[in-house]
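Notes for the one structure printed next.
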Amino acid sequence: MIYQRPKGTNDILPKEATLWEYLEATAKSIACKYGYQEMRVPIFESEKLFKRSSGETSDVVAKEMYEFTDKGNRKMALRPEGTAGVVRAYIENKLYAPEYVKPLKVYYQGPMFRYERPQSGRSREFNQFGIEAFGVEDPRLDAETIILGWDIIAALGIGHVTVTLNTLGDAPSRQSYLKALVDYLTPYNEELSKDSQIRLQKNPLRILDSKDVHDQQIIQNAPKITNYLTDDARKYFDQVQSKLTEMGINYQLNDDLVRGLDYYNHTIFELVYTGEAFGNKPLTILAGGRYNQLVEELGGPHTPGIGFGLGEERIIEILQRDESLVSKLQPQIDLFLVGVDQSVNDYIFKLAQDLREKGITVVYDYMGRSVKSQLKLANRQRAKFTIVIGEDELKNNEFKLKKMCDGTEIPVKLAEITKNILGEI
RNA sequence: GCGGUAUUGGUGAAGUGGUUAACACAUCGGUUUGUGGCACCGACAUACAUGAGUUCGAUCCUCAUAUACCGCCCCA
């Protein structure tokens, strides 16, 4: 093999593509119900944009950015996540202007890139469907965002999913909490794992979701963000929760939930799947949160925002296990035209075109195969009907429409083919 | 970025330091004339990821590279 695909990328072949179409169509239609519209932004942006938005110390930026220098010597990066580009576009196109309805609700879909070692549920190029809503800070919107995500997952028929919820509070909450956390952890510095010792310097919050067993023991008694929330932040989070409860969304509070990107504050959440598709190991399939400072940090006017991203590969992995869904989505051939010999080629070519215009899915053989082979082919493609066409048929203008599921044949005139097939499908 | 395992045809795979790389599935063709899903018959790897080395000789040994899978970090 001379050429192979780049490491960590995937070809989506026709058989799986139907699942992708289904997933994306479902997500889009549900987002539309909530008033979202599509927005398309570049797949690469200035490297700086991602550094400023995600945070220099975040792993996504520090070691996973797919960077390159273009011919104009500009430092660019393939987008590692969707929010930064959308926010940039929001600011650049002045979508904060008074003539735009607030909140501005947009969704996007497409590939993201992270330079990392491929493994289960993770690749270098992966696709996300995401939404962002700008300009409104209202607990109802936070709750609605989570519900929208839940809605999509439910519509896809995916089970074994739990909503995990936390708040990072507002700036004052976070500041006082951070201080308390560092004060608590510093005496343990020697005991912490190496990774966590570095985190203590750079991003102490991340120690909270360390997987190191000993780290976890230390964390158990660490101060909790919930005890450091300002009254406003507490009240806000309470309302988000009560709205979720009101709508019957089951969620679990997890005050160790932080998120990899620095721009989040207030409500953050993840939808975690724990099922067979990933060996019953919990894996996040949808995650997001509120980012009230990001627009301002990237040079726009103060504008609160909230959104989430959904990992399409991970969803597909789950959907693929649903065999009845997969087979339901396979394309259906209505009619296979079987030619007795090459003399009817032109006739079949025209007839097929004619029937397609009438809305029937028609295929035929191009390889000069025997009648028997053509029928095998029709069978393999699960064609619903076949018509064998030879001299007799042309002479009498009388065809036998064969129903492949039971082998019955009914005589039809040329003009009746359409009606008969459409009546059955 | 670190660690582990793997890499044989369209697929699942067996296998050996030495003329013919098992078996199965799939595919194609056929089992007389224009009819499918069954059965039977036949065809189907000059080749064992790539490159180099050891050897009289390597798909099988060694090294490197690539990729895949799994784990860590991190994350969708």
Side-chain angles (χ1 to χ4, degrees), chain A residues 1-10 54 57-65 79-83 109-130 149 193-196 198-199 203 206 209-212 215 257-261 270-273 278-279 281-288 307-318 336-341 343-344 365 367-394 399-409:
Chain A
M1 210 176 315
I2 304 170
Y3 297 112
Q4 48 190 172
R5 61 176 181 266
K7 185 172 183 157
T9 62
N10 271 298
S54 300
T57 59
S58 66
D59 273 47
V60 167
V61 162
K63 53 181 228 187
E64 292 171 6
M65 279 245 279
R79 61 183 183 194
E81 53 97 30
T83 304
Q109 187 278 128
M112 310 290 161
F113 304 83
R114 291 185 196 169
Y115 194 90
E116 59 187 341
R117 195 81 155 240
Q119 59 190 272
S120 176
R122 196 184 329 182
S123 49
R124 290 189 171 179
E125 180 187 29
F126 59 100
N127 289 273
Q128 281 194 355
F129 174 88
S193 66
K194 261 195 190 134
D195 287 326
S196 287
I198 296 166
R199 292 187 188 115
N203 195 346
R206 297 227 58 90
D209 63 0
S210 168
K211 280 177 194 154
D212 184 272
D215 283 358
L257 174 67
V258 295
R259 305 248 331 111
L261 310 171
E270 294 187 349
L271 265 58
V272 180
Y273 166 85
F278 300 101
K281 266 179 261 172
L283 198 70
T284 302
I285 53 176
L286 183 155
F308 68 68
L310 166 159
E312 295 192 74
E313 275 77 2
R314 292 181 179 184
I315 303 280
I316 293 290
E317 196 68 33
I318 298 165
F336 193 112
L337 296 176
V338 176
V340 164
D341 55 45
S343 71
V344 293
D365 169 58
M367 319 266 281
R369 283 185 241 246
S370 66
V371 169
K372 188 189 195 94
S373 293
Q374 291 183 60
L375 278 158
K376 278 188 184 173
L377 213 59
N379 197 48
R380 207 165 91 212
Q381 294 180 60
R382 294 187 302 179
K384 292 185 195 121
F385 294 93
T386 53
I387 295 177
V388 176
I389 297 170
E391 245 177 83
D392 298 348
E393 281 78 6
L394 295 197
F399 301 87
K400 277 180 277 179
L401 183 64
K402 182 171 187 175
K403 199 171 172 183
M404 293 301 275
C405 61
D406 55 16
T408 55
E409 291 186 318

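Chain identifiers are assigned alphabetically (A, B, ...) following the order of the sequence lines, protein sequences preceding nucleic acid strands; residue numbering begins at 1 within each chain.
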Does OP1 or OP2 of [N] have a side-chain N or O of [X] closer than 4.0 Å?
X	N	result
A/Ser373	B/G29	yes
A/Lys400	B/G34	no
A/Arg5	B/A66	no
A/Ser120	B/C70	yes
A/Arg369	B/C28	yes

Whole angstrom value for the distance that separates [atom2] of [N] from [atom1] of [X]:
X	N	atom1	atom2	answer
A/Lys7	B/C70	NZ	C1'	13 Å
A/Glu116	B/C73	CD	P	13 Å
A/Leu310	B/C75	CG	P	18 Å
A/Leu375	B/C38	CG	P	14 Å
A/Lys376	B/A39	NZ	P	11 Å
A/Glu64	B/A76	CD	C1'	11 Å
A/Gln374	B/G34	CD	P	12 Å
A/Glu317	B/C69	CD	C1'	12 Å

When you measure from the side chain of [X] to the backbone of [Y], do you find a donor-acceptor pair of N or O atoms at a distance under 3.5 Å?
X	Y	answer
A/Gln128	A/Gly130	no
A/Arg5	A/Thr9	yes
A/Asn379	A/Arg382	no

[X] side chain: which of [options] is closest?
X	options	result
A/Arg380	B/C28, B/G36, B/C70	B/C28
A/Met404	B/G34, B/G36, B/C70	B/G36
A/Arg122	B/U67, B/C73, B/G34	B/C73
A/Arg206	B/C75, B/C70, B/G34	B/C75
A/Phe126	B/A76, B/G34, B/G36	B/A76
A/Gln4	B/A66, B/G37, B/G1	B/A66
A/Gln119	B/C72, B/G37, B/A76	B/C72

[N] to [M] separation - [atom1] atoms, rounded to the nearest Å:
N	M	atom1	value
B/A22	B/A39	P	24 Å
B/G53	B/G12	C1'	33 Å
B/U19	B/C2	P	41 Å
B/U54	B/U67	C1'	26 Å
B/U59	B/G1	P	33 Å
B/G10	B/C72	P	35 Å
B/A58	B/C41	C1'	37 Å
B/U16	B/U7	P	14 Å

So [X], base contact, sugar-phosphate only, or nothing? Heavy-atom distance under 4.0 Å.
X	answer
A/Ser123	base
A/Gly121	base
A/Gly149	nothing

Go through the N and O atoms of the side chain of [X] and the base of [N], and report whether any donor-acceptor pair is under 3.5 Å.
X	N	answer
A/Lys372	B/G34	no
A/Arg117	B/G71	no
A/Glu125	B/A76	no
A/Glu393	B/G34	yes

Whom does [N] pair with, Watson-Crick or G-U wobble, provided both distances fall under 3.5 Å?
N	value
B/C63	B/G51
B/C44	none
B/A14	none
B/U33	none
B/C2	B/G71

Tell me which one of A/Leu286, A/Leu310, A/Thr284 satisfies side chain to side chain contact (heavy atoms under 4.5 Å, CB included) with A/Leu271. A/Leu286

Verify the distance criterion only: is there a donor paired with an acceptor across the side chains of A/Glu313 and A/Asn127 at less than 3.5 Å? yes

Just checking, A/Arg124 and A/Tyr115: is the charged tip under 6.0 Å from the six-membered ring centre and within 45° of the axis? yes

Closest heavy-atom pair and its distance - A/Pro118, A/Gly8: CG-CA, 3.8 Å

Nearest atoms (heavy-atom pairs only) where A/Ala287 meets A/Glu270: CB-CG, 3.8 Å

Between A/Ile389 and A/Leu394, is the side chain to side chain contact (heavy atoms under 4.5 Å, CB included) condition met? List the steps. CA-CA 7 Å; A/Ile389 297 170; A/Leu394 295 197; 4.0 Å; yes

Taking for each residue the nucleotide of RNA chain B bearing the nearest heavy atom, is the 5' side occupied by A/Asn127 or by A/Thr9? A/Thr9

Start at the 5' end of RNA chain B and walk down; is the nucleotide closest to A/Gly309 or to A/Gly407 reached first? A/Gly407

